[in-house]
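A quick write-up on the structure given underneath.
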Protein chains: 2
Amino acid sequence: MDDVFRAIADPTRRAILDELVQRGGQTLFEICGRLVMKHGIRSSRQAISQHLEVLEAAGLVVAKKEGRCKFHWFNGKPLKAILERWPTDGRRS
Amino acid sequence: MDDVFRAIADPTRRAILDELVQRGGQTLFEICGRLVMKHGIRSSRQAISQHLEVLEAAGLVVAKKEGRCKFHWFNGKPLKAILERWPTDGRRS
DNA sequence: AATATAGGCAAGCAGGGGCTTGCATGTCAA
DNA sequence: TTGACATGCAAGCCCCTGCTTGCCTATATT
């Protein structure tokens with residue numbers, strides 16, 4: 001639970017989630033490429049790999065390995081608990 | 001927007017939000033007391049004050065000063081954008 | 001077999017964030 | 001007015017985190 005909040009605290013990781021929402025099943029190099037193209041993020045492959053580890057640990061990304069490739073998908077379930085924790089309307093309690 | 005994610009990344013700040021949702025209009029010392037009582041958080045007054053600054057900057061807390069006292073309320077509006085950014089059902093795109 | 005591709009592991013660095021400490025400001029009460 | 005109370009401001013410390021660098025493993029390709 002704490003991992004989820006920490007995971008989405010980083011702007012690069014949020015961009016990764018955006019990418020995976022738009023197109024699931026991407027590999028590490030594909031993600032790196034799209035982050036450069038569409039978000040101007042020029043971090044190294046290892047940096048993105050570490051971000052994916054964090055996202056996987058939080059359950060926000062699920063991965064499947066096939067041969068030498070690893071494909072990643074977005075998973076929004078862990079976000080549900082966050083949405084239900086605090087009221088999002090304008091009330092001030 | 002980035003401030004909102006950063007604000008809710010800290011567990012102490014999330015506890016403060018929980019407290020203010022449960023009871024609005026609390027002062028700094030009241031919040032400190034309740035954090036100790038109900039969450040076991042023994043941070044100093046200044047630490048909590050700095051947390052409140054972050055929450056205010058993110059728009060998650062609104063404050064009103066009256067005399068020497070400052071009262072705080074929770075405001076959930078900034079959270080709406082987060083909820084709408086990513087899908088929260090089980091789909092994997 | 002040799003090379004290239006996709007990814008993993010680990011150490012090290014630098015910056016930021018949370019916390020503390022100490023002092024200053026402003027307001028209310030006696 | 002004097003003192004107590006509620007808060008603000010600023011400097012410093014320490015740890016965590018994001019990033020890089022370098023090397024290693026494993027799977028395809030030719």
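Computation of the quantities below employed the complete heavy-atom set of this structure, encompassing side-chain atoms and omitting hydrogens, waters and symmetry-equivalent molecules. In what follows, chains are A, B, ... by sequence order, proteins preceding strands, each numbered from 1.
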Check: Which pair of heavy atoms, one from A/Phe5 and one from B/Ile8, lies closest together, and at what distance?
Finding: CD2-O, 3.4 Å
Notebook entry, point to check: If you look at every heavy atom in B/Gly59 and B/Pro78, which pair is closest and at what distance?
Noted result: O-CG, 3.4 Å
Next item on the list: State, without any angle test, whether B/Gln22 and B/Lys38 hold a side-chain donor-acceptor pair at a distance under 3.5 Å.
Entry: yes
Next item on the list: Identify, between A/Gly67 and A/Ser43, the residue whose nearest nucleotide on DNA chain D lies closer to the 5' end.
Entry: A/Ser43
Note to self: Below the 4.0 Å mark, does C/dT20 have OP1 or OP2 next to a side-chain nitrogen or oxygen of B/Ser44?
What the structure shows: yes
Next item on the list: Could you tell me whether the phosphate oxygens of C/dG17, OP1 or OP2, come under 4.0 Å of any side-chain nitrogen or oxygen in B/His51?
Entry: no
Next item on the list: Please identify each residue that fulfils side-chain hydrogen bond (donor to acceptor under 3.5 Å, both in side chains) with B/Arg85, with sequence neighbours left out.
Entry: A/Asp18
Next item on the list: List for me each residue that meets side-chain hydrogen bond (donor to acceptor under 3.5 Å, both in side chains) alongside B/Lys80, sequence neighbours excluded, and say none if there are none.
Entry: none
Next item on the list: List in chain and number order the residues that pass salt bridge (charged side-chain N to carboxylate O under 4.0 Å, His left out) with A/Asp2, two or more places apart in sequence or in another chain; answer none if no residue qualifies.
Entry: B/Arg14
Check: salt bridge (charged side-chain N to carboxylate O under 4.0 Å, His left out) with B/Glu30: which residues, sequence neighbours excluded?
Finding: none
Next item on the list: Summarise protein proximity over nucleotides 5-11 of chain C in one line of letters, 5' to 3': B for base, S for sugar-phosphate only, - for none, counting protein heavy atoms closer than 4.0 Å.
Entry: BSBBB--
Check: Is any NZ, NE, NH1 or NH2 atom of the basic residue among B/Glu53 and B/Arg13 found under 4.0 Å from an Asp or Glu carboxylate oxygen of the other?
Finding: no
Item checked: DNA chain D contacts among residues 2-19 of chain B, heavy-atom distance under 4.0 Å -> none
